[in-house]
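What follows is a single structure, written as structure tokens, with notes after it.
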Amino acid sequence: MTDFAPPHPAGDAPVAYDPAAIERKWQARWQAEGTNSPDLANGANPFYALMMFPYPSAEGLHVGNLFAFTGNDIHGRFQRLQGHTVFQPFGFDAFGIHSENYAIKVGIHPGELIPRNIDTFRRQVQRAGLMVDWRHELSTTDPSYYKWTQWIFLQLYKQGLAYKKAAAVNWCPFDKTVLANEQVIGGACERCGTMVEQRFLEQWFFRITDYAGRLLANLDGLDWSDSTKTAQRNWIGRSEGAEIIFVVQDVMEFAGSATASAGRSGEVAVTALEVRVFTTRADTIFGATYLVLSPEHPLVESITSDEQREEVKQYVAKAAKQDLVSRKTTKEKSGVFTGAYATNPATGEPIPIWIADYVLMEYGTGAIMAVPGHDERDHEFARAYDLPIVRVIAGEEHSTDTPIGDAAFTETDGCRLVNSGRFNELSVSEGMIAITTELAAHHAAILVVNYRLHDWCISRQRYWGPPIPIVYCDNCGVVPVPEDQLPVLLPAIEDFRPDDSGVSPLARHAEWYHTTCPTCDGPARRETDVSDTFLDSAWYFLRYPSSDRDDVPFDDALTKKWLPVHSYIGGNEHAVLHLLYSRFVTMVLHDAGFIDFEEPFTRFRAHGMIVREGAKMSKSRGNVVNPDDYITEWGADAFRTYLMFLGPYEEGGDFQDRGISGVKRFLDRLWRSVQDARTEGDLEPEVQRKLHQTIKKVGEDIPRLGYNTAIAAMMEYMNTMRSGERKPHVDEVRPLVQMVSPFA
RNA sequence: GCGAGAGUGGCGAAACUGGCAGACGCACCAGACUUAGGAUCUGGCGCCGCAAGGCUUAGGGGUUCGAGUCCCCUCUCUCGCACCA
């Protein structure tokens, strides 16, 4: 940009526009001069332009990747023109089940496959002309990277935020292996078609739920796409409600086996079993005609009557075998009566206790009070098992005795309580407060906040990931690997496939698996699970500026200078998990005193998706755009500019094969304008006016990612400047070249 | 089912806080130049109509001097979550 060609002396032959030659020339120059490698320690006015690093698939760079990267690159180039020192790093999210499955399919070790894929990606990204600082390239599979991923695990462990518990996984009894949810299709294993079962394995979790409130509250202050913030809010899913205590009747019969929740300290003896339920509709308690426990609920054993025991046992066993996916998606209600009754604390009436798999152990207390009159699921269940349905909420049009029809009545606005004793005629919200207060006064309820967010399971019974840095010693128990012994290297084993042993392939590698205890030097075994890919990507932005440092995960001074990230652009497919986990890890590191900010991304924008001729691109359709082909035919500049022109960046667009010609024509005309511009001189008033309008528009559009309209504005200016057979002046063309430069 | 977003020419799309709907581009039509080319340049191009004129932003209603834009209802599509009590 700095050596804009001077006007040709009259008579010079015009030079033809040859994108391949020009792009090669400038890319070589950038590399030789380090144009895109800023001085991180001293650069003034830092601007960290981050894009989501890709998973290096074997197919090479997808046009969707390039769309995302180019949008970020343009934003970065614009900031550079505005006087910022711009840092735009690049890396590879190369661990994970995706790579591993592909490696298994083609029969090549991922350790061999991944570097090849990375080379292809790097070449393609370079060819697209991105202003990447390659000195800071990283890959999550590099021991110098995952050493620090393991370090992060240890920090969470130290804070008490990493813990182990048994959790269900999908298990294929034929392949004898753990399956990810996406490998279960319609309840069956995607490879062999065998019906998948649930199995319980000890797995590592991060206590992200401890941070639920903060993760939610902080969203208000972030400059992020609204759609992304909304998705996060819904995912965290805060709901306020009450836990209500129902006392199980006739417990003396069962008291012998009771290990139950009663026995508040100071009381003489356990005299009753209690079931705690969570509800957001305490106002409907007079309509609670039965209780439902999840099949996994700890009280199931103790409350079941002898007559019902066999039936309950069978139901629980069936539920335990069912795979996770269909358990959560089947809508047909099923359940079984326990033979036990509890007292509804509002009515004093006995109500039956059932077990049903539509109640999930992971949410709330794993037990509900069923209000079939006013909850659709309870209604369905009550009709299936012929349980009483009572109206306790009435709208304007209802009388106290209007029967509930074919569906539950779930409205609340303008409704009043009925059949609810002295709470009758209160509005729903008044009733909720009055009833909860009354129950609380009798120690029968407490106010609680629940989140649907679950703790983050980071264990993977797989090979291709960073080993979890934990050792099990017979004397010392669970021992974290000392930080100075990191990384725990992933051994290069030949047979990395999951097999019928039921544990990670690493368990088969005896010399790795057997180790000595770091504390007592006695014999010990290594944790054989590796960690989730999302942990790799939850902190990579912290690593980039310091990627050349081996002694620290991230340098203090550089981190202070460059973070939090000024601009992050990525796809909304990561709106929930990746961004939430990154925020969580950042908060934990903040609380542990490693960094002085708790939100990693000041500004986040989600880009849209590219379709082709109106249809989604997919390998099976055979309509995937290969960037290399287009760059060869049209040049990277035309391709980039076209990608940015085909629709609003945050919404995506339709890639039409013929469309690129319009953008190419624009660049051809720009090239010719430079060749034609031989005289300096005053701008024609009409051209000058248009120029200033264009500068204003482009300058406003680029920062808000309005790339398509910025390009349209520059095209308009071109039309004005060259209208008729007019040959523009140097001073008319020069500013246009500058405006185009972030794009091409 | 719940949540988010979107419906504008033959196509991709513009229209900032309500103010000339269709910028810019593709495709198409006509013309100029011509070493006949998938080059360049000029003009045309929402729909109906020879025209005058009328109609037009998924459909219906409303607010307003004025609505693609705001409000209500209906329909369609895309994406995300899916028994979260």
Side-chain angles (χ1 to χ4, degrees), chain A residues 16 181 225-239 241-244 277-282 284 288 291-292 294 325-334 356-372 374-381 407-408 410 450-454 571-577 606 608-614 616 641-642 645-648 650-666 668-669 672 696-697 700-701 704 706 708-719 722-726:
Chain A
N181 277 347
S225 297
D226 283 334
S227 60
T228 312
K229 289 209 258 187
T230 307
Q232 294 228 339
R233 286 194 187 100
N234 292 341
W235 189 264
I236 295 168
R238 179 190 154 95
S239 59
E243 272 182 28
I244 300 179
V277 305
F278 174 72
T279 181
T280 54
R281 294 293 307 278
T284 62
L291 296 185
V292 188
S294 158
V325 178
S326 47
R327 160 84 185 264
K328 291 199 173 188
T329 50
T330 321
K331 295 287 183 195
E332 294 82 58
K333 299 282 177 290
S334 72
D357 64 4
Y358 81 93
V359 175
L360 308 175
M361 195 59 220
E362 315 91 84
Y363 186 76
T365 60
I368 60 155
M369 63 175 207
V371 184
H374 307 286
D375 180 279
E376 283 169 28
R377 299 150 301 182
D378 298 342
H379 187 90
E380 247 179 84
F381 190 80
T410 54
N450 257 310
Y451 296 95
R452 51 171 289 172
L453 181 68
H454 295 349
N572 238 342
E573 70 275 12
H574 291 302
V576 177
L577 297 182
M609 279 222 323
I610 304 275
V611 298
R612 186 179 195 179
E613 307 289 348
K616 212 174 193 162
T641 309
Y642 178 53
F645 183 62
L646 49 73
E650 291 178 80
E651 285 164 38
D654 191 1
F655 191 100
Q656 301 187 327
D657 295 357
R658 290 174 310 215
I660 192 170
S661 61
V663 168
K664 178 60 162 46
R665 234 189 304 270
F666 169 69
D668 282 338
R669 296 176 86 196
R672 260 183 279 123
K696 179 165 190 289
K697 171 111 179 106
E700 286 168 356
D701 280 355
R704 60 166 195 87
N708 56 333
T709 50
I711 294 166
M714 291 188 283
M715 287 173 165
E716 275 188 67
Y717 175 63
M718 175 76 78
N719 291 341
R722 291 184 67 89
S723 120
E725 301 274 347
R726 192 174 176 279

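Every chain is numbered from 1 and lettered A, B, ... according to where its sequence line falls, protein lines coming before strand lines. Keep in mind that this is a model prediction, so the values were computed, not measured.
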>> Both atom distances under 3.5 Å, Watson-Crick or G-U wobble: I'd like the secondary structure of RNA chain B as a dot-bracket string, with | for pairs made across strands.
In response: (((((((..(((......[....))).(((((.......))))).(((....)))..(((((..]....))))))))))))....

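Annotation: side-chain hydrogen bond (donor to acceptor under 3.5 Å, both in side chains) contacts of A/T280 (sequence neighbours excluded): none. Residues meeting the side-chain hydrogen bond (donor to acceptor under 3.5 Å, both in side chains) test with A/N708, sequence neighbours left out: none. Scanning for side-chain hydrogen bond (donor to acceptor under 3.5 Å, both in side chains) contacts around A/K229 gives an empty result, with sequence neighbours left out. Evaluation of the ring pair (Phe, Tyr, Trp, His ring centres under 6.0 Å) rule for A/F655 yields A/Y630, A/Y642 as partners, not counting sequence neighbours.
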> Using a cut-off of 4.0 Å between protein heavy atoms and nucleotide atoms, how would you tag nucleotides 11-29 of chain B 5' to 3' with B, S and -?
Replying inline: BBSS--------BBSSS--

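Closest approach to the A/N234 side chain among B/rG3, B/rC81, B/rA85 is made by B/rG3 (side chain taken as heavy atoms from C-beta onward).
The CD atom of A/Q232 sits 15 Å away from the C1' atom of B/rG3 (whole-angstrom rounding). Atom-to-atom, NE2 of A/H454 to P of B/rC81 comes out at 14 Å; the value is rounded to the nearest Å. Whole-Å rounding puts the A/I610 CD1 to B/rU78 P distance at 19 Å. Going from atom CG of A/D668 over to atom C1' of B/rG38 covers 13 Å, rounded to whole Å. The nearest whole Å value for the distance from the CG atom in A/L577 to the P atom in B/rG80 is 13 Å. Going from atom CE of A/M609 over to atom C1' of B/rU78 covers 9 Å, rounded to whole Å.
Base orientation of B/rG9: syn, since the glycosidic angle falls within 90° of 0.
The 5' end of RNA chain B is approached more closely, in terms of each residue's nearest nucleotide, by A/S227 than by the other of A/I368 and A/S227.
Figure legend: A/K333 and A/Y358 shown as a cation-pi pair, the cationic atom lying under 6.0 angstrom from the six-membered ring centre and within 45 degrees of its axis.
Between A/K616 and the phosphate of B/rC79, there is a side-chain N or O to OP1/OP2 separation shorter than 4.0 Å.
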